[in-house]
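Note that this is a predicted model, so its numbers are computed, not measured. Each chain gets a letter, A, B and so on, in the order the sequences are listed, and its residues count up from 1. These numbers come from the heavy atoms of this one structure, side chains and all, not from hydrogens, waters or symmetry mates.
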Amino acid sequence: MSGKALLFLKRLTSRLTNRLTNLLTWGATLGGAIALSGLVGCEVPVATFQPNKLQATVLGEKNSIDMSPATAEVSAALEELFGTPDDPRWPAALMEEEHLAKLVDMERLQRAAGAVRSDEQDQHFGLYREHCVHCHGTSGNGLGPTATFLNPYPRDFRLGVFKFKSTPFGRKPTRTDLTRLLKEGIMGTSMPSFRLLKDDELESLVDYVIYLSARGEVERKLLASSTELDFTDGDHLYDPSIKEKDPDEFEAQMEVINEIVIGVAESWDKATDQAITVAAPPEDYPLFTRDVGGSPEVYGKLEESIASGRKIFHGNVANCATCHGNTALGDGQKNDYDIWTKDWLQALNLDPKNREQISPYLKLGALKPRNIVPRNLRSGMYRGGSQPVDIYMRIVLGIDGTTMPAAAMKPQNPLGLSENEVWDVVNYVLSLPYEHLSNSAASVPPFAREKP
Amino acid sequence: MSMGRIWSLMFLSVPILGTGMYLIGMLASSGPLALWFPENINPLAVEIDRLHDIILALIGVVFIVTSVALFWFMWKYDATSNPEKAKFVHGNHKLEVWWTVIPAVILIMLAIYQFKVYADVRINRPMLAGADGTLGTADDQPEPPSFEVIGRQFEWRIRYAGADKQLDTADDIIGEVNELHAPKDVRLVGSLKAADVLHSFFIPALRLKNDMIPGTRQIVWFQASKPGTYDIVCTELCGWGHYKMKGRFVVESQEEFATYLERLRKAQFDRSYDNGSPSDQPVSPTEQPAVATVE
């Protein structure tokens, strides 16, 4: 073959490859753009519940097992039980029991769920996404976009633990407790008041919080129970494909799941009966807020009560000073964590100061550990409410999820506090913002002396 | 018609539409087009509205005159109907002096007028007679605030002075969040604070607007002359939830206000007085109200 023909061939191939690469580049760009627009879309993405990856990983590492099949089956079971953020459902097993079916009202649930929208009568729908989601997250995991900027972090409902309530330590709050929090907000945190919402809107939100909390707690319990199954050996937690083939086996699976669901729902149902009734202090008993401007006689009694409260505060039975500090500035101990943090931190014995060690968990949705600091009682800010009865309940019931325990009380515990002694502590605590640090007898706050 | 003249008509449509919208907004008494201020219920702020009206009238006249002049020049000297070339004129002392002196005089008049208005609403705090018992003497004391509003992301926390008429004392009355009450026809002095970031406390019906600055205390005063419920809004972008930082301002008779304060005072130690208590709320059929009462 001559050199000329070779040159021609060379040129032809180079021209062809050039054309081909051009074509490919263009095609790839166009195809990529189409694919991208398909991915991003012009519409709002469908809201989904985020699986509890953190707990799954913690359980997996603790038991050295692969949790991915369990996670997938738990997600499928949860969707069957609770539906999706746009179409919430109350588990069928609960709808059969009258008292558990009534825990949430389907109509109100629908009102709180879904995308934000309103009708011509200005009735708002999608209330959770309108008011709550940016902090508490779609799944109620306390991981909304604003969460990391807040201190304290927004509540993760999935543990089913709530702080400020009228039921004993470890129990669920009542609807009234939740409504009250929505109305009053939580002073000293980023939870604002939603008082100007209509009552039926607040009720809908309470329903939705109960729904999210129950769903999250069921998810946790399902994940925990699935660690006992061996998925490699053909065990299944929830396998709808056998519904037709092997209805008995499917029935058995559902029985385990429903037992967990009913257990969680029962704990919510019981809360109402568990709410405590605070017996009034005796008629002539002084109360700080009420009697601070009273007659000298009443005021004398109040001072006595405050002095007694101070003694109990520093005493061995109530032991308040250990955490709240001798000056009640909340500086007794500052090294503990709340259970939302301990839940993963202590389960794996992680060192919160070791960034490398904890960073994989932060990526899974854990929030950077922060110490839970005892309340500074001199600031005059009481997160659970500032009525004497609120302080009384915090002392007697403790604060769930935190290191604040319920006080030992007298009839049950002979060494415990009597009710009057608790009221003394209440009076002392309420007087603290007005007490001088150096001279506790004076009751003029430092800022009241400045010219008005 | 030439394109230049069409353009001049389009320029004319701007002042016509603008002035028309203003007039409709001002004159329509109701409906979506009634866009004027809410009724002013604060007799201490009447001058603010008057000052606004005067400035608006002046601006309106200047706006209409300049707009019409602009239109007239464009129309008259449109290139297609005026074959004559443009002549350039450089400077006219007499004219320049006048168009400087007239606005300057107007501005100075406005400045003098607003000094007094500003001082009345911002500087001259209401005073109380001192030890000698007469007002206007050297020992007068500024009237202490009887209520306090703390702006917080994203709500208004309210506190009233108790029986000693002083804030920051042990007998203060904690108000309801997002709801400020005031007695009718009483001059009130209030204190504004911010708990986190800048907020601005605005009650349009009172023409009362004041920034809340963290770490400082702002003093405001007003008098509400008409019972009713009005809006409180935040007018300083304070974060993502700024738009929902709303409150209610309730003006009621002096007796009603006293009853309200008494209820709040009692609500501090007795939950049965508390508006947020279960007994006052519609309770779902599943629930028994939790009873928690002191006394």
So which heavy atom on [X] is nearest to which on [Y], and how close?
X	Y	answer
A:Tyr434	B:Asp168	CE2-O, 4.2 Å
B:Val177	A:Ser193	CG1-OG, 3.2 Å
B:Gln153	A:Pro192	O-CB, 4.3 Å
B:Tyr243	A:Glu130	OH-O, 4.0 Å
B:Asn178	A:Leu196	O-CD2, 4.3 Å
A:Thr189	B:Arg152	O-NH1, 2.5 Å

Could you walk me through whether A:Arg290 and B:Lys266 satisfy the side-chain contact (heavy atoms from CB on, under 4.5 Å) test, starting with their C-alpha distance in whole Å, then the side-chain angles of each, then the deciding distance to 0.1 Å, before giving a yes or no? CA-CA 7 Å; A:Arg290 182 186 57 194; B:Lys266 287 188 172 152; over 6 Å; no
Portion of B:Trp156 that has a non-hydrogen atom of chain A nearer than 4.5 angstrom: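 Interface part for B:Trp156: neither.
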Side chain, backbone, both or neither: which part of [X] has a heavy atom under 4.5 Å from chain B?
X	result
A:Phe288	side chain
A:His134	side chain
A:Ser431	neither
A:Met191	backbone

Report, as yes or no, whether the 6.0 Å neighbourhood of atom NZ on B:Lys246 holds more than 12 heavy atoms from other residues, nucleotides or ligands.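 For B:Lys246, atom NZ is not crowded (no more than 12 foreign heavy atoms under 6.0 Å).
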Worked check of side-chain contact (heavy atoms from CB on, under 4.5 Å) between A:Arg195 and B:Glu155: CA-CA 10 Å; A:Arg195 232 177 132 253; B:Glu155 61 187 18; over 6 Å; no
From [atom1] ([X]) to [atom2] ([Y]), nearest 0.5 Å:
X	Y	atom1	atom2	value
A:Leu197	B:Lys244	CG	NZ	8.5 Å
B:Phe154	A:Phe194	CZ	CZ	10.0 Å
A:Thr289	B:Asp171	OG1	CG	10.5 Å

Does B:Ala267 offer a backbone N or O that forms a donor-acceptor pair with the side chain of A:Gln387 under 3.5 Å?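 Yes; at least one donor-acceptor contact below 3.5 Å.
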